[in-house]
Structure formats: structure tokens, C-alpha cells
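One structure is given below, encoded as C-alpha cells.
None of these values were measured; they are calculated from a predicted model. Here is how names work: the chains are called A, B, and so on, in the same order as the sequence lines, proteins then strands, and each is numbered from 1.
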There are 2 protein chains.
Amino acid sequence: MRIRIAECTVRYEGRLNAYLPSATRLVMVKADGCVAIHADGGAYKPLNWMNAPNTLTEDDHQWIVINPKGEKLIIDFGEIHFETALEMGEDPGLQKDGVELELQRLLAERPETFGERMELVRREFPTPIGPVDLLCRDGDGVSVAIEIKRRGEIDGVEQLTRYLDFLNRDTRLAPVRGIFAAQSIKPQAKLLCEDRGIVWVEVDYDDLKGTDSDVMKLF
Amino acid sequence: MRIRIAECTVRYEGRLNAYLPSATRLVMVKADGCVAIHADGGAYKPLNWMNAPNTLTEDDHQWIVINPKGEKLIIDFGEIHFETALEMGEDPGLQKDGVELELQRLLAERPETFGERMELVRREFPTPIGPVDLLCRDGDGVSVAIEIKRRGEIDGVEQLTRYLDFLNRDTRLAPVRGIFAAQSIKPQAKLLCEDRGIVWVEVDYDDLKGTDSDVMKLF
DNA sequence: AGTTCCATGTCGCGG
DNA sequence: CCGCGACGTGGAACT
């Protein structure tokens with residue numbers, strides 16, 4: 001990684017055009033070649049950047065970064081306050097836990113969370129406008145489309161409604177009822193569910209995970 | 001801004017839990033207090049971060065960053081390879097050009113893009129749930145609500161649908177038809193448009209800009 | 001403070 | 001590679 005702190009102006013020409021007037025900033029070049037220009041505040045993200053892969057052409061007071069798509073970043077330097085470079089090696093990467101996919105996996109294993117004799121038909125069941133998280137069949141043989149979110153908001157209810165519209169046009173499936181599941185659901189989203197005859201369920205991630213672990217222990 | 005390059009492990013506990021095994025990384029603390037942890041590659045964005053406002057508690061080999069929402073970032077340091085701090089001052093900020101607003105301006109000048117005798121009634125026409133980008137009237141005197149996006153996706157169609165719902169309740173305007181305009185429109189968004197009787201149009205920004213420049217040149 | 005919506009979104013998965 | 005949806009989305013504008 002290479003770091004330069006300097007007066008600079010920056011011009012970006014690509015998906016849009018953007019310009020940074022002269023100021024002191026930190027310019028970071030990572031080992032993979034990506035470039036980021038940080039101000040001292042305002043946001044954790046850089047003001048301007050260029051992703052790898054790209055080519056960096058430099059002379060005394062100007063760097064030009066161009067990527068294969070033809071996007072261009074031009075950095076003009078004034079006074080350089082500081083510069084260093086050092087090897088940091090590979091990063092093992094971030095381990096995440098508790099996102100939607102995990103929730104979907106756990107719930108796919110325990111469809112009875114949604115009803116006594118609920119059975120999973122398919123995860124990511126395809127519709128013309130995208131896949132439904134879970135398609136199940138309840139004890140009476142009725143199809144149930146389940147949309148899972150980490151946080152239940154109106155968007156998610158809209159999404160499930162669209163899926164239901166399409167699924168209910170399929171005579172082999174119809175009628176299909178909907179269940180909206182999330183770790184927590186906003187009052188407005190609950191209201192919209194009720195208005196549309198969609199059942200909402202708040203599920204506890206830690207409970208599910210605990211149950212999951214218990215199941216694991218049995219084997 | 002303060003920069004430390006060091007061996008570290010990082011734990012984030014907040015909206016999810018995440019963990020970074022030991023490796024050499026750059027830790028950046030900006031003047032507003034936000035913290036970012038960068039690996040030497042992979043992406044221009046940090047692996048982990050904490051937005052301002054927050055409080056940083058530090059001792060010899062551990063920093064704990066907590067924000068008002070109770071999210072927590074814990075950085076345990078091993079060997080410190082490098083450290084510096086310096087003032088960079090305020091940043092004048094980024095000037096942008098070519099985003100949605102620009103597109104709206106260009107299209108407002110050329111309503112005939114959407115039909116032979118289309119006329120602009122108003123930009124940002126207000127509804128109870130927010131302004132419609134363009135309200136026009138076609139050659140037959142029928143009202144047309146136009147939603148403009150840079151990239152046309154399902155969300156935008158939903159948005160236009162909500163506007164149309166409201167506009168059609170206004171007896172002075174009804175019936176109002178909808179046009180969904182974007183530089184490119186996703187197939188599923190097209191499908192949803194067609195399903196709802198909304199006309200979609202893909203517009204070329206450079207063409208519009210060219211035409212715009214031509215118009216400018218005439219005067 | 002809460003809500004809505006844009007973004008050079010970025011990222012990852014599946015066809 | 002494209003299409004699609006999630007994201008600790010972030011961030012700004014407006015109520």
C-alpha cells in the first residue's frame with residue numbers, strides 16, 4: 001500500500017463527471033491497484049476513487065488512472081506533505097454472521113416455524129420477476145410464499161405482494177398465501193401486511209441458531 | 001487525520017456480528033471521529049468501519065469505538081508498524097455533473113421525446129407522497145406523469161405507480177397515464193411496466209446533451 | 001428525529 | 001458476462 005498526503009485537485013470522468021477543488025487529502029493506492037482519495041472527515045468512504053483493475057500513469061505532479069471501461073481519474077498534486085509505502089500482505093477477509101442468507105437457511109430448515117405441518121417445497125422459487133425466498137405447502141396443501149428480511153419494512157411487503165400476484169396467476173399453485181418474516185417488523189409494514197391478508201411473523205435469530213445448534217448436537 | 005498501520009484483529013457487534021482475523025491493516029481515524037480499517041486490496045472501501053458520531057476509548061493495545069446506537073467496534077493491536085497524525089483542514093467537497101437531476105432538466109426541455117405533441121405542465125409536480133418528476137399533457141389533452149431514473153429498476157416503477165394512484169384520484173387530472181423513462185431499463189422493470197399499463201422509454205443521455213448543446217449554439 | 005430516495009452505489013450469487 | 005437482490009447499504013433532502 002502506498003499513501004500520499006498532499007495538496008491536490010481531482011477530476012473524474014466516467015459514469016459522471018466530478019471535480020474536487022484544491023485541498024489537502026490522503027491518496028491511497030492499494031496492492032491491487034485501486035485508488036482512493038480521502039478527505040479528513042465527512043464520511044468513512046472516499047471522496048473519489050477508482051476500482052481495480054486500472055492503470056496508473058504518473059509524473060512529478062500528476063497521476064492519471066484509467067480503467068478498462070474508459071473511466072478516468074486525474075489527480076494533480078501541489079505540495080506533498082507526506083508519503084510512504086509498505087507491504088501488508090494478503091488479508092484473510094471478513095467473517096460475517098447474522099445476515100439474510102443465514103436467516104433464510106435457518107428458516108428453510110425449520111418450516112414448522114410458520115405453521116404446524118408446513119413443508120418446504122423450494123428455496124429461491126423462481127417467478128418472472130425474481131425468486132421467492134421460500135415456497136412452502138401448509139397442512140391443508142395450500143401453497144405459501146414466504147419472504148424473509150432481516151428488517152421488515154414496506155419494501156419487503158411490496159416485493160412479496162408482487163410475487164403473490166404472479167404466483168396466483170399460476171393455476172397449478174393458486175391460491176397462494178403469503179407470509180412476511182423478519183427479525184423485527186416496522187409497524188407500518190405490519191399494517192400493510194394485514195391490509196393485504198399477508199401474515200407477518202417476527203423470528204428470533206438467536207432462538208433459531210440455538211435450535212440449529214441443538215439439532216447439530218443430536219448428530 | 002490519524003493513521004496507524006499495524007497487526008490487528010477487529011470485531012464488530014452491531015447490525016450484524018463480524019470478525020477480522022489477525023493481519024496487517026491500515027486504521028484511519030478522521031477528524032470527525034469516524035474510523036475505517038483498510039486491507040491492502042480487495043476493494044476501495046474499508047473492511048470494517050464506524051461512522052461518526054462515536055466515542056473512541058483507547059489503551060495500549062485495544063481501541064473500542066461505540067456509537068450512540070450501541071454498535072461496537074473493537075480493535076486489538078499487535079505490532080504497530082507505523083503511525084502518524086496530521087491536520088488536513090476542511091474539504092470543499094465534490095462537484096458532480098450528469099446525475100438524475102441533469103437528466104430531468106434535459107428531458108423537461110424536450111417533452112417531445114415522449115410523444116409528438118407532448119407538452120410540459122410542470123417539473124416536480126407535487127403529490128401527497130412526493131413530487132412527480134414531470135407532469136405533461138399529450139396531444140389529446142390527457143395528463144401524463146413521467147418518472148425519470150438514470151437506471152430503470154422495479155423500485156422506480158413502484159414509485160410511479162404510487163404517484164399515478166394519487167394523481168388519478170384528482171378528478172381534474174384523471175385519467176393520468178404513466179411513462180417510465182431511464183437511460184436503461186431492466187427487463188423485469190419493463191415487464192412490470194407493461195403489466196401495469198405504464199409506457200417505458202429508454203433515453204440516451206449523450207443524445208440529449210448533444211441536442212441541448214446544439215440548441216445552446218443557436219443562441 | 002423519521003422517512004424517502006439517489007448512488008460513479010458495491011457486492012455476491014445464479015443463469 | 002448479465003440480471004437481480006441484499007447491504008452494517010451511506011448520504012442528502014425534506015417533513
Side-chain angles (χ1 to χ4, degrees), chain A residues 10-19 34-37 42-51 67 69-73 93-94 96-104 123-124 126-133 147-151 153-156 159 162-163 186-189, chain B residues 10-18 34 36 42-52 67-73 93-94 96-104 124 126-131 133 147-156 158-160 162-163 182 184-192:
Chain A
V10 184
R11 173 181 297 282
Y12 166 74
E13 293 167 16
R15 280 173 278 185
L16 55 64
N17 297 318
Y19 178 70
C34 72
V35 180
I37 295 139
Y44 77 92
K45 281 200 305 185
L47 289 164
N48 227 325
W49 68 91
M50 190 76 100
N51 272 333
N67 76 6
K69 277 181 274 183
E71 297 173 54
K72 196 192 293 188
L73 193 70
L94 189 64
K96 285 184 185 183
D97 178 29
V99 284
E100 187 194 285
L101 203 70
E102 180 78 359
L103 205 56
Q104 190 194 111
R123 271 172 75 175
E124 303 285 349
T127 79
I129 51 161
V132 181
D133 287 339
E147 179 64 29
I148 300 166
K149 293 285 177 207
R150 215 161 41 78
R151 281 164 19 219
E153 293 170 31
I154 279 184
D155 273 11
Q159 194 181 343
R162 289 196 298 273
Y163 292 147
K186 294 252 170 105
Q188 290 187 341
Chain B
V10 184
R11 173 179 293 284
Y12 165 75
E13 294 167 15
R15 280 173 276 185
L16 55 65
N17 296 318
C34 72
Y44 75 87
K45 281 202 309 183
L47 290 163
N48 228 325
W49 69 92
M50 191 73 104
N51 273 332
N67 76 6
K69 277 182 274 184
E71 298 172 53
K72 197 192 292 189
L73 193 71
L94 189 66
K96 290 182 186 184
D97 176 31
V99 284
E100 187 191 294
L101 205 68
E102 181 78 358
L103 202 57
Q104 190 194 113
E124 302 285 350
T127 80
I129 51 164
D133 288 338
E147 178 66 29
I148 299 165
K149 293 284 178 207
R150 218 160 42 78
R151 283 168 16 221
E153 293 172 30
I154 279 183
D155 278 7
E158 295 287 13
Q159 195 181 339
L160 177 54
R162 289 196 295 273
Y163 292 146
S184 75
I185 302 178
K186 296 268 165 87
Q188 291 190 341
K190 290 182 181 175
L191 203 70
L192 191 63

With nearest nucleotide decided by heavy atoms, which residue, B/I154 or B/A18, maps closer to the 5′ end of DNA chain D? B/I154

Which part of the nucleic acid does B/M50 contact within heavy-atom distance under 4.0 Å: base, sugar-phosphate only, or nothing? base

For a quick check of understanding: with a heavy-atom distance under 4.0 Å over all strands, which category does A/E147 fall into, base, sugar-phosphate or nothing? sugar-phosphate

Would a 4.5 Å heavy-atom cut-off, applied to side chains only, mark B/C34 and B/W49 as touching? no

Rounding to an integer number of angstrom, what distance separates C/dC5 and D/dC7 when you compare their C1' atoms? 16 Å

Closest-nucleotide ordering on DNA chain C, the 5'-leading residue of B/R151 and B/D133: B/D133

Taken to the nearest 0.5 Å, the spacing of B/L103 CG from B/I148 CD1 works out to 6.0 Å

What nucleic acid atoms does B/Y163 come within less than 4.0 Å of, heavy atoms only: base, sugar-phosphate, or nothing? sugar-phosphate

Find the distance A/K149:NZ to D/dC7:C1' and express it as a whole number of Å. 11 Å

Scan A/L73 against the nucleic acid and name what it touches under 4.0 Å (heavy atoms): base, sugar-phosphate only, or nothing. nothing

Atom-pair distance (CG on B/D155; C1' on C/dA7), nearest Å: 13 Å

Nearest whole angstrom, please: distance from the C1' of C/dA7 to the NZ of B/K96. 7 Å

Distance in Å, B/Y12 OH paired with B/K72 NZ, rounded so as to fall on 0.5 Å steps: 12.0 Å

Provide, to the nearest angstrom, the distance between the CD atom belonging to B/E124 and the C1' atom belonging to D/dT15. 16 Å

N or O in side chain of B/Q188 less than 4.0 angstrom from D/dG5 OP1/OP2: yes

Residue set satisfying side-chain hydrogen bond (donor to acceptor under 3.5 Å, both in side chains) with B/E13, at least two apart, ordered chain then number -> none

With the side chain defined as heavy atoms from C-beta on, A/L16 is closest, among D/dG3, C/dT8, D/dA6, to C/dT8

Verdict with reasoning, A/L73 to A/V35, per side-chain contact (heavy atoms from CB on, under 4.5 Å): CA-CA 9 Å; A/L73 193 70; A/V35 180; 4.3 Å; yes

Please list, for nucleotides 10-13 of chain D, all pairs of protein and nucleotide N/O atoms separated by less than 3.5 Å.
from	atom 1	to	atom 2	distance (Å)
D/dG10	OP1	B/R15	NH2	3.1
D/dG10	OP2	B/R15	NH1	3.2

Nearest 0.5 Å, please: how far is OH in A/Y44 from CG in B/N51? 6.5 Å

Applying side-chain hydrogen bond (donor to acceptor under 3.5 Å, both in side chains), name anything that partners B/Q188, two or more places apart in sequence or on another chain. none

Show the numbers, then the answer: is there a side-chain hydrogen bond (donor to acceptor under 3.5 Å, both in side chains) between A/E147 and A/Y163? CA-CA 9 Å; A/E147 179 64 29; A/Y163 292 147; 4.8 Å; no

Test of understanding: with side-chain hydrogen bond (donor to acceptor under 3.5 Å, both in side chains), list the residues that count as partners of B/R162, not counting sequence neighbours. none

Nearest-Å distance, CG (A/N48) to P (C/dT10)? 12 Å

Can you check the distance between D/dC4 and D/dG8, where both ends of the measurement are the P atom (answer in whole Å)? 22 Å

Identify whether any heavy atom of A/Q159 sits under 4.0 Å from a base atom; if not, whether one sits that close to sugar-phosphate; answer base, sugar-phosphate or nothing. sugar-phosphate

Using the side chain to side chain contact (heavy atoms under 4.5 Å, CB included) criterion, which residues pair with A/K186? Sequence neighbours excluded. A/E153, A/A189

Picking from D/dG3, C/dC5, C/dT8, the nucleotide nearest the side-chain atoms of B/K186 would be D/dG3

In whole Å, what is the span from the OH atom of A/Y12 to the P atom of C/dG9? 8 Å

To the nearest angstrom, how far is A/I148 atom CD1 from D/dA6 atom P? 11 Å

Roughly how many Å is it from CG in A/L94 to P in D/dG8, rounded to a whole number? 9 Å

Side-chain contact test, heavy atoms from C-beta onward, threshold under 4.5 Å: evaluate it for A/V132 versus A/E124 and give yes or no. no

For nucleotides 12-15 of chain C, which of its nitrogen or oxygen atoms have a protein nitrogen or oxygen under 3.5 Å away, and what is each distance?
none

With a non-hydrogen cut-off below 4.0 angstrom, is A/G130 in contact with a base, only sugar-phosphate, or nothing? sugar-phosphate

